[in-house]
2 protein chains.
Amino acid sequence: MKKNVSLKDIANQVGVSVSLVSYVLNGHEKKMRVGEEIARQIKATAERLHYRPNQIAKSLKSKKSQTIGLIVGEIHYRFTTGIVRAIELEAKKNGYTVVIGNSHEDLGSLHELIHVLINRQVDGLIIVAAENAESEIEYLKKKEIPFVLIDRNFPSVESNFIGIDNYRIAYRAVEYLIRQGCRRIAFVNYDTTFFHLKERSRGYLEALKGQEPLLREIRKPFYEQDVAAAVRELTSPGVGCDAIFFATDTLAITGLKNLISLRVNIPEDVAFMSFDEAEAFALFQVPVTHYRQPLEEIGVSAVGMLLEEIQDGKEDGRDVKPKKWRQLYLDSTLVAGKSCRE
Amino acid sequence: MKKNVSLKDIANQVGVSVSLVSYVLNGHEKKMRVGEEIARQIKATAERLHYRPNQIAKSLKSKKSQTIGLIVGEIHYRFTTGIVRAIELEAKKNGYTVVIGNSHEDLGSLHELIHVLINRQVDGLIIVAAENAESEIEYLKKKEIPFVLIDRNFPSVESNFIGIDNYRIAYRAVEYLIRQGCRRIAFVNYDTTFFHLKERSRGYLEALKGQEPLLREIRKPFYEQDVAAAVRELTSPGVGCDAIFFATDTLAITGLKNLISLRVNIPEDVAFMSFDEAEAFALFQVPVTHYRQPLEEIGVSAVGMLLEEIQDGKEDGRDVKPKKWRQLYLDSTLVAGKSCRE
DNA sequence: CTGAAAGCGCTTACAG
DNA sequence: CTGAAAGCGCTTACAG
């Protein structure tokens with residue numbers, strides 16, 4: 001790899017000191033009252049040599065990297081692809097670059113990534129946490145590293161958070177199904193310790209209003225076979241289930257595949273509802289009724305909150321004002337299709 | 001943000017010099033014959049203080065960051081999600097971290113990302129290039145920055161490359177359609193300067209063997225309306241088209257949506273073939289016939305090739321042996337469904 | 001207006 | 001066996 005041109009190279013060319021070059025190239029020429037002609041020469045030479053500052057050196061000195069780390073649960077989730085772009089654009093607008101890390105929903109990888117990113121001096125983190133990540137969050141708090149959780153939070157650990165009100169949306173979805181005339185509504189969720197997912201079950205259960213619950217919990221590692229089994233069971237004659245509500249897009253798609261191969265008619269035999277959106281719904285013969293998270297808004301707000309956090313961190317020094325954690329709950333919107341007998 | 005513990009902190013605690021600490025913590029205690037007891041103490045103290053080396057400082061000194069940059073065309077492509085995991089795992093196996101950048105298929109963003117990543121001292125780049133990126137590639141060559149292109153290459157610029165043989169696969173796909181009895185095969189591709197896509201058209205055209213070509217070129221920015229128009233036209237009475245072959249997964253999905261809403265029966269009315277795989281195919285009533293790229297293998301090979309490149313770069317110094325660029329063409333496999341009257 | 005110097009946290013040849 | 005010193009490329013208070 002060819003050597004990059006450094007401040008020193010420019011200084012030598014022009015015949016001035018490195019400091020002057022630094023001042024001029026950082027736009028401090030006015031403040032430092034650098035000679036006009038010299039400033040001109042420095043800029044011209046920098047241009048001619050295609051000077052690019054070494055960010056590594058810059059951030060070693062400044063303790064700031066103008067980079068934010070984004071750790072996602074899995075790169076191919078609809079949630080991820082929806083949020084990445086918003087975060088990147090918003091970050092760029094503010095002069096930050098985004099570095100993405102992929103935890104594959106694994107706590108060990110999350111731990112690893114957090115440290116890798118901190119050691120590379122990201123200025124802050126936006127995190128879609130993995131299951132049981134409480135201690136990782138505590139660590140970030142202890143080290144006073146600016147961070148914002150999105151999508152998933154932990155009731156036992158106060159922190160900055162942006163996401164949706166899972167309880168409320170699940171509740172409203174069931175109300176909607178009831179209004180469509182469904183009288184035996186099943187809910188297919190993961191068997192999980194994730195708070196945001198448990199909130200969805202809670203919303204489902206409370207909205208049932210006397211209907212007998214049909215909650216089916218799927219083991220994540222075996223989700224394909226478990227969903228298949230659940231769908232088969234729920235649509236079998238004795239059960240009388242007339243609506244299946246899936247707690248995530250992955251579950252919904254897997255469920256739909258199984259419903260298709262079982263030749264279940266939607267919505268005639270059972271109504272179908274998904275908590276999340278999925279690209280794949282477009283190829284199903286019936287428009288699928290689902291809720292849509294405000295991914296764009298989550299991303300933009302997360303960057304905003306994080307940058308404020310970074311800003312605060314800079315100012316404080318040794319102040320004693322107690323830390324204020326902020327939570328922002330946004331709303332999902334109903335996308336009414338024709339899969340619930342609308 | 002709390003100050004991180006540095007080598008100096010450890011040195012002070014133990015009462016030795018920073019150099020000793022550095023030697024021990026980097027595993028050079030044997031080579032440097034550091035006193036056993038001292039080494040023990042240093043390690044214990046590092047442990048106790050949860051020492052984590054500052055990678056920024058490390059790479060400023062070593063000129064190596066143990067990071068590779070991956071620039072993708074668009075984060076939500078099937079190609080991207082398929083390749084990211086393989087690249088991350090393979091990189092990790094070799095002690096490298098992957099930083100992902102998203103060009104959104106935009107040449108300006110690609111340019112920007114290349115520089116951002118270089119300035120952050122990535123040791124090398126794996127790039128899914130945007131259209132007309134020749135000059136960016138030339139720049140990398142000139143600067144002797146290790147890089148490997150994947151998926152897309154430029155016939156006018158020699159470089160390292162790993163991808164599939166687009167011509168050959170398109171050719172074989174058409175042969176397959178002919179064997180299924182299709183006599184009027186259309187091909188829907190982008191109107192593009194991308195070599196890999198033009199190769200697909202070339203493969204299609206040459207395999208037709210006397211059939212009159214039905215090549216439809218879609219303007220990328222208007223692909224939804226253009227695909228809709230093309231599908232409508234191709235399936236209209238006079239045309240007699242009995243098979244549509246789509247050049248990418250995005251085109252295929254958009255095409256399929258339109259075929260569905262036009263109530264075209266697949267494969268009875270027209271056969272349907274896709275050059276690439278898509279998750280969404282799973283929800284279509286008929287298993288979709290398509291080719292599958294060896295994404296895993298592309299990712300693993302790309303990391304391997306890049307690391308060799310990085311290694312070479314280190315060794316050379318001022319040698320004169322001319323640069324050898326390597327190309328690796330892998331094969332896609334046919335996934336025969338039932339959308340081509342199989 | 002300009003330059004010499006210190007320092008960010010690390011590595012590593014060199015001297016002892 | 002161990003420490004002082006130089007240097008990676010930059011920033012910035014300080015002196016003149």
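Because only heavy atoms are used, hydrogens play no part in the values below, and waters and symmetry mates are left out as well, while side chains stay in. Chain A is the first sequence line, chain B the second, and so forth, proteins listed ahead of strands; every chain is numbered from 1.
- Applying the Watson-Crick and G-U wobble criteria (two distances, each under 3.5 Å), dA13(D) pairs with nothing in any strand.
- Nearest-nucleotide mapping onto DNA chain C: of Ile38(A) and Val18(A), the residue sitting toward the 5' end is Ile38(A).
- In this structure, Ser19(A) reaches the bases: a heavy-atom distance under 4.0 Å links it to at least one base atom across the strands shown.
- Of the charged side-chain nitrogens involved, at least one lies within less than 4.0 Å of a carboxylate oxygen, so that Glu90(A) and Lys93(A) count as a salt-bridged pair.
- Under the Watson-Crick and G-U wobble criteria, each requiring two contacts below 3.5 Å, nucleotide dA4(D) is left unpaired.
- Among the protein residues, Ile56(A) comes within range of no part of the nucleic acid, since none of its heavy atoms lies under 4.0 Å from any strand.
- Both Ser62(B) and Val34(B) lie close to DNA chain D; mapped to their nearest nucleotides by heavy-atom distance, the more 5′-ward contact belongs to Val34(B).
- Expressed to the nearest 0.5 Å, how far CD1 of Ile68(A) lies from CD1 of Ile126(A) amounts to 4.0 Å.
- Across all strands shown, Ser22(B) has heavy atoms under 4.0 Å from base atoms, whether or not it also approaches the sugar-phosphate.
- As judged by a 4.0 angstrom heavy-atom cut-off over every strand, Lys58(B) is placed among residues touching the sugar-phosphate backbone only.
- Taken from CD in Glu131(B) to CG in Asp106(B), the straight-line distance is 11.0 Å, to the nearest 0.5 Å.
- With salt bridges taken as basic N to acidic carboxylate O contacts below 4.0 Å, one links Lys323(B) and Glu309(B).
- Protein chain A contacts DNA chain C from dC1(C) to dG9(C), reading 5' to 3' and using non-hydrogen atoms of the protein with a distance under 4.0 Å.
- In this structure, Asn26(A) reaches the sugar-phosphate backbone alone: every heavy-atom distance under 4.0 Å involves primed, P, OP1 or OP2 atoms, never a base.
- DNA chain D is contacted by both Met32(B) and Leu60(B); Met32(B) maps to the nucleotide lying nearer its 5′ end (nearest heavy atom per residue).
- The cationic group of Arg152(A) does not satisfy the cation-pi geometry with Phe195(A), failing either the under 6.0 Å distance to the six-membered ring centre or the 45° limit from the ring axis.
- Checking Asn4(B) against Lys143(A) by side-chain atom types alone, a donor-acceptor pair falls below 3.5 Å.
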